[in-house]
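The basis for the numbers below is simple: all heavy atoms, side chains too, and nothing from hydrogens, waters or symmetry mates. A quick note: this is a predicted structure, and the numbers were derived from the prediction, not measured. Below, read A as the first sequence line, B as the second, and so on, with proteins coming before strands; counting in each chain starts at 1.
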Amino acid sequence: MITLSLPSPAKFIPPSSKSRRIRNPDFEALKDTLIRQANGGNLKQAISTLDQISQMGFNPDLTSYTVLLKSCIRTRNFQIGQLLHSKLNDSPIQPDTIVLNSLISLYSKMGSWETAEKIFESMGEKRDLVSWSAMISCYAHCGMELESVFTFYDMVEFGEYPNQFCFSAVIQACCSAELGWVGLAIFGFAIKTGYFESDVCVGCALIDLFAKGFSDLRSAKKVFDRMPERNLVTWTLMITRFSQLGASKDAVRLFLEMVSEGFVPDRFTFSGVLSACAEPGLSALGRQLHGGVIKSRLSADVCVGCSLVDMYAKSTMDGSMDDSRKVFDRMADHNVMSWTAIITGYVQRGHYDMEAIKLYCRMIDGLVKPNHFTFSSLLKACGNLSNPAIGEQIYNHAVKLGLASVNCVANSLISMYAKSGRMEEARKAFELLFEKNLASYNIIVDGCSKSLDSAEAFELFSHIDSEVGVDAFTFASLLSGAASVGAVGKGEQIHSRVLKAGIQSSQSVCNALISMYSRCGFAKHGFAHRAVELFNQMLEDGIKPNEVTYIAVLSACSHVGLVDEGWKYFDSMSIDHGITPRMEHYACMVDLLGRSGSLEKAVQFIKSLPLNVDALVWRTLLGACQVHGNLQLGKYASEMILEQEPNDPAAHEAGCSWMEAENSVHKFYVGDTKHPKAKEIYEKLNKVALKIKEIGYVPNTDLVLHEVEDEQKEQYLFQHSEKIALAFGLISTSKQKPIRIFKNLRVCGDCHNAMKFISVAEGREIIIRDSNRFHHIKDGLCSCNDYW
DNA sequence: CTAGGGTTAG
């Protein structure tokens, strides 16, 4: 038997018609052109070459698609990337692993995790380590950290062995307070497998883990110092994280060190150091660096532009968005991030919520797809709008884009409901939340605190404490809740928990503590002093005060009449800490002077300021005039308010009060007789008036600004909306529960006084939220200690 | 094709 050693049959198969075509010189030439164009970033031309190939009757091969997709990812040209995807779907070509991986990466960078996931799931056998890594990274970047971690574990279980890219992606997903420990465990795993922190990629992830997950800049710096290879990216990462965690000066120091070592800052480095310059006191350097950006020909860059937009939004002295907007308008190109940066700027500045919504409309008109960050900011803006339909509409957009389940979007929705007083809806959204993180809990605790449901807030607190652990935000919310209802005892309890938890060095907790003692100082004299002591302690401990700190400490000074201290702190605020006073600080000073009776000095102070004060400051003066019965100055203050806000109800006295009862809101205007129970309400009001006069109430007719007889003035006083609302509350609610009234203006002085008497005469607890603050009235005393 | 830097709710 002779065995013929023949080549395997496959080799005898004549070249197929397909491969014959590939050798076609026209096709080869076009393919070369296409690759050249794609690699050079001329994607539009490359696409038309691709079309030309098809028109000639050839099928473009996989290589063409691969090269084109790579280029789309590199240049972030998502539109063409999507176009390629649909062309590929229409063609008979079966995409291979590399092309599918590229598509996952493309959709990941676009923020379209749903499409990326679909491709990943359809891959089956074709999945490789890169596909897994791309998917893990996709979830991490789209705000779905848990999904990212689960996918990592799935992969390990599947038998795939992670490499440095994979470790880096999953550790990135763990860079939060909630998942930090998971990150550490995975890092331990990485060490075991031999991927030490010495790998630049894993090293960067580790820096992030310490910085973002544990807010531990010292450890982050240690990793950085130990890295055998430091490049521009690692320097930039350090600068950016230091800046993000508020260590702005260190960020600037690192930047200078980097430059002195010979590294040339690129767009990302500028971006990081510019963000640090948003801090008060560094704005001059910020402007200088803006010059550096222009010199480096980076001013047209979107990335640098984003940081400039952000920097000017946060640091411009007069609180306007003009400089920020100028940078935005001058940018050559806009992407999601630049749109999000300007929208966020407007939202954070406050009072610009409609402008933020308008910008969003322009953004989607321009076919830029919003991401989870965009919706996060937008929903925050919607919480301040009076029209709830806008918020619902925006949320529906998020649902359509598959972003509603992303944690920060869902949390913002809860926050939107809570802020607009819709606590029932907030709770519902919270219950529906699949993945509750610490922020979700904190938002709901804050909402409960602000809606004066401190009992529920505390209940939640103990629940969170045992479930996920509490943080500075939780404490800050509870402290402000305690302060709102004047629950001094609770406030002190939380203070001791703060000390136990060892987070007394957190700026937001310090602010909340000072503010709590300051606000409770009304009820107990010593507390305002404690607020001032805490503030001094804070400075001694080297904790940076911010604008909020000064509002709290200045009002504490005001409450106890520490005029000299008040001046001292007011001056050192800008001199020592570079904080430009805002209207709120001016209002505190006017309050301080007005409260101590120096009304004329308060007016002098206002006139000495380098700018025109707004209605808030004049309203404060008006309040002081009412307390001290200075009619003339009061009228002047009213005129000034009207000049700034012609429709301001305070100056027109178009007061309106409302309260919730029997599941609906009852609204009352001055002298209102429209309510179905009006007759009973006025009967009750008359009875109560007699009752409280017996125990010492004297109507304060000085507060009536109309020129009429005294008896008529008294009648006017008893037509005030808050008194009508209260009478309604007395006849329609259970005696065990406090009566909760809301008023669009400040509560009138006489009504405030009458309510204290009524709380005794009727044995009721009354909580009134006016335009300025909460008044918690019980047993003849108010948490505001008679100053409103 | 997968990593590292800009936008982030409280």
Side-chain angles (χ1 to χ4, degrees), chain A residues 66 69-70 73-74 96-106 108 128-138 140 143 162-172 176 199-205 207-208 231-241 243-244 265-272 274-275 301-310 335-345 347-348 370-380 383 406-416 418-419 437-447 471-474 476-477 508:
Chain A
T66 311
L69 273 172
K70 260 193 205 172
I73 292 165
R74 203 180 54 241
D96 64 354
T97 301
I98 292 180
V99 164
L100 290 168
N101 287 347
S102 303
L103 285 170
I104 293 175
S105 164
L106 175 82
S108 162
D128 67 359
L129 182 56
V130 177
S131 332
W132 285 99
S133 303
M135 204 58 226
I136 291 164
S137 155
C138 172
N163 64 4
Q164 70 270 40
F165 295 119
C166 207
F167 276 122
S168 164
V170 71
I171 292 175
Q172 248 196 90
S176 61
D199 180 273
V200 188
C201 200
V202 180
C204 282
I207 287 176
D208 253 3
N231 56 23
L232 189 61
V233 176
T234 43
W235 275 104
T236 304
L237 176 64
M238 284 303 289
I239 292 167
T240 308
R241 292 292 171 258
S243 137
Q244 282 167 342
D266 70 353
R267 54 210 199 103
F268 293 114
T269 326
F270 272 119
S271 182
L274 282 169
S275 304
D301 183 77
V302 199
C303 175
V304 177
C306 282
S307 297
L308 284 168
V309 164
D310 182 52
N335 62 10
V336 215
M337 286 184 186
S338 63
W339 281 106
T340 306
I342 188 80
I343 288 172
T344 306
V347 177
Q348 284 174 344
N371 64 15
H372 51 299
F373 295 127
T374 326
F375 283 117
S376 217
S377 282
L378 283 167
L379 290 171
K380 183 179 172 172
V406 175
N407 232 311
C408 74
V409 177
N411 286 346
S412 301
L413 181 78
I414 302 172
S415 157
M416 176 187 89
K419 210 190 295 171
N437 63 10
L438 189 50
S440 333
Y441 281 104
N442 283 342
I443 292 164
I444 209 90
V445 166
D446 197 52
D471 69 354
F473 280 110
T474 328
S477 292
S508 60

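- Nearest nucleotide to the A:Thr340 side chain, out of B:dA3, B:dT7, B:dG10: B:dT7.
- Distance CD (A:Gln164) to C1' (B:dT2): 10 Å, rounded to an integer number of Å.
- You can call A:Phe473 stacked on the base of B:dG10; the centres are under 5.5 Å apart and the planes sit within 30°.
- Among the protein residues, A:Ser412 comes within range of the sugar-phosphate backbone only, with heavy atoms under 4.0 Å from sugar or phosphate atoms but none that close to a base.
- In this structure, A:Ser415 has no side-chain hydrogen bond (donor to acceptor under 3.5 Å, both in side chains) partners at least two apart in sequence or on a different chain.
- Side-chain nitrogen and oxygen atoms of A:Lys380 include at least one within less than 4.0 Å of the OP1 or OP2 phosphate oxygen of B:dG10.
- When distances are taken from the side chain of A:Cys204 to each of B:dG4, B:dT7, B:dT2, the shortest belongs to B:dG4.
- Here B:dG10 presents its C1' atom at 20 Å from CZ of A:Phe375, a figure rounded to the nearest Å.
- If you check every strand for non-hydrogen atoms under 4.0 Å, A:Asn437 touches a base.
- Comparing atom distances between the A:Cys201 side chain and each of B:dG10, B:dT7, B:dA3 picks out B:dA3 as nearest.
- Separating the NE2 atom of A:His372 from the P atom of B:dG6 is a distance of 13 Å, rounded to the nearest angstrom.
- Checking A:Ser131 against A:Asn101 by side-chain atom types alone, a donor-acceptor pair falls below 3.5 Å.
- No side-chain heavy atom of A:Ile171 sits under 4.5 Å from any side-chain heavy atom of A:Asp208.
- Among B:dT2, B:dG4, B:dG10, the nucleotide with an atom closest to any side-chain atom of A:Ser105 is B:dT2.
- For A:Asp301, the side chain to side chain contact (heavy atoms under 4.5 Å, CB included) partners are A:Arg267, A:Cys303, A:Val304, not counting sequence neighbours.
- Not a single donor-acceptor contact under 3.5 angstrom links the side-chain atoms of A:Asp301 to the base of B:dG6.
- At B:dG4, none of the side-chain N or O atoms of A:Arg241 fall inside 4.0 Å of OP1 or OP2 (strictly under the cut-off).
- As a whole-Å value, the separation of A:Phe165 CZ from B:dG4 P is 10 Å.
- In terms of phosphate contacts, A:Ser271 brings no side-chain nitrogen or oxygen within less than 4.0 Å of OP1 or OP2 of B:dG5.
- Relative to the side chain of A:Thr240, the nucleotides B:dT2, B:dA3, B:dG6 differ in distance, and B:dG6 lies closest.
- Atom CD of A:Gln172 and atom C1' of B:dT8 are 15 Å apart (whole Å).
- Whole-Å rounding puts the A:Leu379 CG to B:dT8 P distance at 15 Å.
- Checking B:dT7, B:dG6, B:dG4 against the side-chain heavy atoms of A:Asn335 singles out B:dG6 as nearest.
- The phosphate of B:dG5 has neither OP1 nor OP2 within less than 4.0 Å of any side-chain N or O from A:Gln244.
- One can place CZ of A:Arg74 at 17 Å from C1' of B:dA3, the figure rounded to the nearest angstrom.
- Inspection of the A:Ser307 and A:Asp310 side chains reveals no N or O donor paired with an N or O acceptor under 3.5 Å.
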